[in-house]
Structures are given as C-alpha cells and as structure tokens.
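Keep in mind the model is a prediction, meaning the values are calculated, not measured. All ligand and atom numbering here is 1-based and tracks the order in the structure. The figures that follow rest on heavy atoms only: side chains count, while hydrogens, waters and symmetry mates do not.
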Amino acid sequence: MRLCLINPSNPLVSIVKVKESRWNRYRVWKPLNLMVLAGLTPRDWEISIVDENLGAADYPAMPRPDLVGITAFTSQANRAYEVAAHFRRLGVPVVMGGIHATMCVEEVMQRVDSVVTGEAEGIWAQVLEDARYGRLKRAYEGGLAETSDVPFARHDLLATGYAFGAIQTTRGCPLNCSFCSVTAFNGARYRQRAIPDVVREFQMVREKRVLVVDDNLIGTRPDHIARAKDLFRAMAQADLRKQWVAQATINFADDEELLVLAAKAGCRGVFIGFESPTPEGLGEIGKKFNLWKGRDFRASVRRIQRHDILVVGSFIIGLDVDEPGIGKRIAEVAGRYGVDNLNVLFLTPFPGTRLWNQMKSEDRIALDTFPEDWRYYTLTFPVARYKHLSLDGIIEEMLSCDRSFYSMRRISRRICSSLWHRRMPLVNLVGNLSYRSNLRLNRKAYADFMYQRGNRADIGVREPSR
Ligand code: B12
Ligand code: SF4
C-alpha cells in the first residue's frame, strides 16, 4: 500500500517565499506532524511526504497512491482542498487531519473522504486498516494521546532542503490565552515525553540545528521546570552536538541553573510571547502569567542572553486596548526589553479559540467568506474589525513598528551588541535581515490585500467603534 502525506503551501505566508528572499531558506521548517504520522504507519506501507513549502509538487508524475493524508493549519485549508480534489478525481481516498480539520469538521468533511480530529496516535492504525480494506469511515476521533504512544518521527524521510530539523518533547498548555488554539486542541494538561525517548529521537535528527516545537519547553510549575532540567542534563550528557531553538514563557529567565543547563544542552535561541506592552493588554488576552511578581522584562531578557541564548520577542497588534501609536510603542518597548528579533502579528480569531467566540458574537470577523478567506488567516493580515484601529490604521501601525525596529541603524546597534557580548552575531544578523527583507514582501502583500478588499462588496468599510 502506498501512502502519500502532504503539507499544502499557502503562497501568502511570507516565510515560504524562499525565491523572493533567500534569508527565508532558514525559516522553512519541517512538517513534524507528517513525520510523526509516518512514524505511526506500519512498515509495510510505502510512504512519501510532500512538503509544498519546498516548491511545487508534480502530482501527476508521482506513482498513484492508495491513500492520501493531508495536514493543514487554517491558513493552508484552501490549498488542502485543491490537493484533495485532485486526488479524489483520480479515485484516491483522501484523509485530512490536524488543527483545521479538528476545528472545522463540517467544512472539511464536505471536501475529503475522511476527517481525523485531535491527535492521531490513538486512531491512525485503525484509519490505515480501514483504508486497506476499502471501508474508511467519514470521521475518526483521535482525542489526546498518551505521550508514551508518541512514536519516533520518521526523520529519515524529507532529509534535505531544510536548515532545521524538528522535534517535540511536550504537548498542551495550561494558560489558555484567548487568541491561541493550543489549549483547545492539545488540552490544558502539560504532557511530557519520557526523557530517554527524547534524547534518542534527537540522535535521529539529521540536521545540526533543530526546532523544538513545544509550545512551552519548560512549562509553568516547579515540577515542569525540574523535568526540563533533567531533560537538559540528559541531552548534555548524551553529547548531542545539536544547536536548538525553542518556545518558552518568560519564567525561563527566573532560574539560573535552568539557563546554564539549557545552554549546555545546546539551546541557542528562545521565542517568547510578550504579547502586549501593557498590563491591560495582558489582562485582555488572559496572559497575566507574564506579570507575575511585577517582572522586570529587561532584566529577564538580559539574564537569558548572558547564556548566549538569543531572544525573539513576539507581540500582537489589534487588542481592544490598542490605540493609534501602538506600533511605535511596541517597537520602543521591544527595544527597551533588548530582544534580538521582534515578531509582531495581527490579532487573529482562529476557530476554536475564545477570541473566535467573542468576535463572532460581536460580529467583528471581517473576512468571513469561508473557506476562501482562510488563506488570510496567517496572522500577517488584519482579518477582524479592531476596536480603536481602522483597516488602514492597523496596517500603518504594523509598518511603522517594523520600520522602526528593523531600521538599519537599530539592526547595526543590535549586531554590535551581540558582537561585543560574543552572542552569535552571525545568526543574529541573519535573523534581523530575514525579518527586514520580509518587510518589503509584507508591504506588497498589504497593497494586494487592500486592493482585493477594496473590490469586495461583502466586507464594507466600517469605522472602528470608540
Ligand atoms: C511548529 C509550528 C509551526 C511551524 C510549522 C512547521 C510545519 N511545517 O509544520 C512554523 C513556524 C512554520 C509555523 C507557522 C505558522 N503557524 Co504554527 N505552529 C507550530 C506549533 C508550535 C507546533 C506544530 C507541531 O509541529 N506540532 C507537533 C505535531 C506532532 O502535532 P500536530 O501538528 O498537532 O499533529 C498531530 C495532530 O494534529 C494530527 N495531525 C496533524 N496533521 C494530520 C494529518 C492527518 C492526515 C492526520 C490523520 C492527523 C494529523 O496528528 C499529529 C500527531 O498527533 C503549533 C502549536 C501546536 N501545538 O500545534 C503552531 C500552530 C499550528 N501554528 C499556528 C499558526 C497560526 C501559524 C501561522 C499561520 C502563523 C505564524 N505566523 O506563525 C504560520 C502558518 C504557516 C503556513 N504554512 O501556513 C497556530 C494554528 C492555528 C490554526 N487554527 O491554524 C498554532 C496551533 C499555534 C497557536 N498558537 O495557535 N508553525
Ligand atoms: S499563547 Fe503560549 S502560553 Fe498562551 S495558551 Fe498558547 S501556548 Fe500557552
């Protein structure tokens, strides 16, 4: 039996525009979900993984599969349906799973043969058996997996073309921020994989650099931190010789031993969601965790950086508390915190989140011709109606934020600082230039977006409520 697993591309996602900006080569990440599915698949299946982010796939030239499995974030849904339609025309059954299929079951079910909701570990074997005997059901419910059932991902498939490998060590997040899909999808219980399994899987990753995809590698409670320390100790002891980047909450900075161990284990960068420059903003999205003990963000960032770990800070524009001037304010605050890179995204209501329910009930989802409009749900387009910011206004805030933080003067200052502290100046430079070159792509994308929106009668231009 031949299984073809597909990660569809969305050309509106700037990081996959590798041809337009060569820096983006460093930011195309491996689709770990499909590598995990492949790991769950019995060896008598012949498996191929197609990642459209690496370039267009020539499906007609491929041997005809017996089953196609498609994954999709919401932003990839439209392309997923095109690919599904292609294979269904050939009579090949198509199964779709992942976050979008879970949150929009009805929509997906109309376009594929079978939908798998939730995590795949507990159900995939059954789906394959049913496919083998031509008795696929319309829907399967995976639920939440036991971490002992998470297999080693097939790192041997998809070996080339990526700057980073990928691995996962935990699932779930208790914080349940209003805009985030993670708690709704992976649950509030923080589930940790066994440390020896993680270390063994790290050894299977071929790339020297690795993205740890966990939403929060260190967790929020003392027992989570203790486990993270044990993991880092085991990784250092195994002498993995990998450099890795991860996502974590700001409490990463609070424990000197944790930082020492992380650096020893190969940590070179951490992505931290600061989300809003104000306590009111953090309250609005339910991330008061960031304010615990009246935190000094500047000092926290410096403590992390002292261990040669780069800090990428993420913020959101478009909260109800955000007023004109928020773009410059975020750039200024991120500069003051001293982050190495800044990632600013539009507040976006994703299906299944608390924010989605709220905005839907207030009729504030502006781009709601689905599934077509899902392609704009990349966090890089304003798809909602924002309280104090008009459409033009919020785009201008984003541009002024990026212009200010990624001016050549400020980039030079950051690079000089990382040279002075010998904190990976080259990596820092690549990161900054990659973001800066995407500004040009973003400006063009906004212009196209505004043009498309201007031609649509269904949206209408509404002024923000005051
Ligand atoms: C790593 C990651 C990325 C990587 C993607 C690498 C890749 N190619 O997969 C990068 C950095 C590129 C990325 C980009 C984006 N991401 Co992202 N990302 C993640 C993250 C942190 C981990 C995903 C992961 O690898 N998990 C590990 C695997 C094993 O778990 P999984 O994907 O859930 O897969 C399991 C099940 O879903 C299921 N499954 C999945 N696919 C399939 C398919 C079939 C057929 C079956 C049966 C089952 C199945 O089985 C798997 C095993 O249990 C998630 C958060 C999260 N916890 O999921 C956010 C997340 C998926 N991302 C999100 C978003 C919004 C984005 C962006 C749109 C925004 C942005 N600017 O970052 C872009 C979109 C990119 C695009 N191409 O369109 C949102 C998605 C919300 C939504 N409804 O779409 C999430 C949930 C984060 C959040 N805070 O809400 N992301
Ligand atoms: S944004 Fe981060 S901290 Fe908040 S719920 Fe999502 S994963 Fe957890």
Side-chain angles (χ1 to χ4, degrees), residues 3 5-16 27-37 39-40 51-53 67-77 79-80 94-104 112 114-124 127-128 140 142-145 149-151 153 162 164 166-168 170-186 188 190 211-216 220 246-250 271-273 275 285-287 289-290 314 316 343 345-346 348-354 356 374-375 377-380:
L3 170 67
L5 297 171
I6 300 174
N7 184 34
S9 181
N10 177 349
L12 293 177
V13 175
S14 59
I15 58 176
V16 304
R27 296 171 69 199
V28 180
W29 311 93
K30 280 191 157 174
L32 183 62
N33 40 25
L34 298 183
M35 291 152 65
V36 169
L37 270 192
L40 290 169
D51 181 3
E52 293 192 346
N53 289 335
L67 179 69
V68 164
I70 305 181
T71 190
F73 300 163
T74 292
S75 59
Q76 298 165 294
R79 176 64 188 153
V94 174
V95 182
M96 187 162 146
I99 181 101
H100 189 72
T102 303
M103 300 304 178
C104 297
V112 302
S114 188
V115 181
V116 177
T117 55
E119 298 176 358
E121 281 76 5
I123 199 73
W124 185 236
V127 177
L128 291 177
Y140 295 86
L144 298 180
D149 292 336
V150 176
Y162 298 88
F164 284 79
I167 196 168
Q168 185 174 43
T170 63
R171 286 186 186 169
C173 178
L175 296 187
N176 197 13
C177 303
S178 66
F179 60 88
C180 175
S181 315
V182 170
T183 310
F185 184 80
N186 294 108
Y190 187 64
L211 168 69
V212 181
V213 305
D214 303 24
D215 295 290
N216 186 357
T220 49
Q247 305 183 92
T249 29
I250 186 69
F271 185 99
I272 294 178
E275 324 298 5
I285 57 171
K287 201 163 184 176
F289 182 80
N290 276 12
S314 180
I316 301 172
N343 193 27
L345 302 159
F346 291 110
T348 303
F350 278 105
T353 60
R354 290 193 283 127
W356 169 271
W374 291 133
R375 67 203 170 108
Y377 282 60
T378 59
L379 305 182
T380 51

Side chain to side chain contact (heavy atoms under 4.5 Å, CB included), that's the test. Do M103 and T74 meet it? Break it down for me. CA-CA 9 Å; M103 300 304 178; T74 292; 5.9 Å; no
Derivation of the side chain to side chain contact (heavy atoms under 4.5 Å, CB included) call for F271 and N343: CA-CA 9 Å; F271 185 99; N343 193 27; 3.5 Å; yes
R375 vs N10, test: side chain to side chain contact (heavy atoms under 4.5 Å, CB included). Steps then yes/no. CA-CA 7 Å; R375 67 203 170 108; N10 177 349; 3.9 Å; yes
Mind running side chain to side chain contact (heavy atoms under 4.5 Å, CB included) on S314 and L345 for me, showing each step along the way? CA-CA 8 Å; S314 180; L345 302 159; 4.1 Å; yes
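At a heavy-atom distance under 4.0 Å, no atom of D214 approaches ligand 1. Heavy atoms from both the backbone and the side chain of V213 come within less than 4.0 Å of ligand 1. When non-hydrogen atoms are compared, ligand 1 lies under 4.0 Å from the side chain of R171 (C-beta onward) but not from its backbone. When non-hydrogen atoms are compared, ligand 1 lies under 4.0 Å from the side chain of F350 (C-beta onward) but not from its backbone. At a heavy-atom distance under 4.0 Å, only side-chain atoms of F185, from C-beta outward, approach ligand 1.
With E119 contributing its side chain and L144 its backbone, the two residues share no donor-acceptor pair below 3.5 Å. Under the 3.5 Å distance criterion, the side-chain polar atoms of T183 are matched with a main-chain donor or acceptor of N176. Of the possible donor and acceptor atoms, none in the side chain of N186 sits under 3.5 Å from a partner among the backbone N and O of R171. A distance-only check finds no donor-acceptor pair linking the side chain of T380 to the backbone of F346 [under 3.5 Å]. Judged by distance alone, the side chain of D149 and the main-chain N or O of E121 form no donor-acceptor pair under 3.5 Å.
Distances below 4.0 Å separate heavy atoms of V116 from the following atoms of ligand 1: 47 (C). Less than 4.0 angstrom separates some heavy atom of S75 from each of these atoms of ligand 1: 68 (C), 74 (C), 76 (C), 78 (O). Heavy-atom proximity to I70, at under 4.0 Å, picks out these atoms of ligand 1: 43 (C), 44 (C), 45 (C). Atoms of ligand 1 found under 4.0 Å from any heavy atom of C180, numbered from 1 in the order shown, are 88 (C), 89 (N), 90 (O). Heavy-atom contacts of F179 reach the following atoms of ligand 2: 1 (S) (cutoff under 4.0 Å). Of all atoms in ligand 1, listed by their number and element, those nearer than 4.0 Å to a heavy atom of T74 are 82 (C), 83 (N), 84 (O). Less than 4.0 angstrom separates some heavy atom of N7 from each of these atoms of ligand 1: 8 (N). Under a 4.0 Å criterion applied to the non-hydrogen atoms of E121, ligand 1 contributes the atoms 52 (C), 53 (O). Applying the 4.0 Å criterion to heavy atoms of E119 picks out, from ligand 1, the atoms 53 (O). Of all atoms in ligand 2, listed by their number and element, those nearer than 4.0 Å to a heavy atom of L175 are 3 (S).
Between S181 and ligand 1, an N or O atom pair is found at a separation short of 3.5 Å. Checked against a 3.5 angstrom limit, the closest N/O atoms of D215 and ligand 1 fall inside it. At least one N/O-N/O distance between T71 and ligand 1 falls below 3.5 Å. For ligand 1, the polar-atom distance check against W124 finds no nitrogen or oxygen pair separated by under 3.5 Å. Any N or O atom pair closer than 3.5 Å counts here, and A120 shares at least one such pair with ligand 1. Checked by distance only, ligand 1 and Q247 stay at 3.5 Å or farther apart across all their nitrogen or oxygen atoms.
For the pair L3 and G69, the tightest heavy-atom approach, listed with the atom from each and the gap, is CD1-N, 4.4 Å.
Contact between F289 and ligand 2 is absent, with no heavy atom of the residue lying under 4.0 Å from the ligand. Residue contact check for ligand 1: Q76 places a non-hydrogen atom closer than 4.0 Å to it. Ligand 1 has at least one atom lying under 4.0 Å from a heavy atom of Q168. Under a 4.0 Å heavy-atom criterion, M35 is not in contact with ligand 1. At a 4.0 Å cut-off, not a single heavy atom of N216 sits close enough to ligand 2 to count as contact.
Closest protein heavy atom to atom 5 (S) of ligand 2: C177 N, 3.3 Å. Atom 2 (Fe) of ligand 2 has K287 NZ, 4.0 Å as its closest protein atom, hydrogens excluded (heavy atom only). Ranking protein heavy atoms by distance to atom 8 (Fe) of ligand 2, first place goes to C173 SG, 2.3 Å. Of the protein's non-hydrogen atoms, D215 CB, 3.6 Å is the one closest to atom 7 (S) of ligand 2.
With values rounded to the nearest 0.5 angstrom, F350 atom CZ is found 9.0 Å from I99 atom CD1. Once rounded to the nearest 0.5 Å, the distance linking CD1 of I316 with SG of C180 reads 9.0 Å. In this structure, Q168 CD and L32 CG are separated by 6.0 Å, a value rounded to the nearest 0.5 Å. One finds the CD1 atom of I250 at 4.0 Å from the CD1 atom of I272 (value rounded to the nearest 0.5 Å). Separation of atoms NE2 (H100) and CH2 (W374) is listed at 5.5 Å; rounding is to 0.5 Å. Here CZ of F179 is found 9.0 Å from CG of L379. Values are rounded to the nearest 0.5 Å.
No hydrogens or angles considered: a donor-acceptor pair under 3.5 Å links the side chains of Y162 and D51.
Across G273, G142, A166, G98, heavy-atom proximity to atom 39 (N) of ligand 1 is greatest for G98. Distances from atom 11 (C) of ligand 1 to the heavy atoms of F73, W29, W374 show the closest one on W29. For the residues V115, V68, N186, I99, the heavy atom positioned nearest atom 58 (O) of ligand 1 is part of N186.
Partner of V95 under the side chain to side chain contact (heavy atoms under 4.5 Å, CB included) criterion, out of L67, I70, V68, V112: L67 alone.
Proximity of Y190 to T170: side-chain heavy atoms (C-beta onward) are separated by under 4.5 Å at one or more points.
Between atom 6 (Fe) of ligand 2 and C180 there is an N/O/S contact shorter than 2.8 Å.
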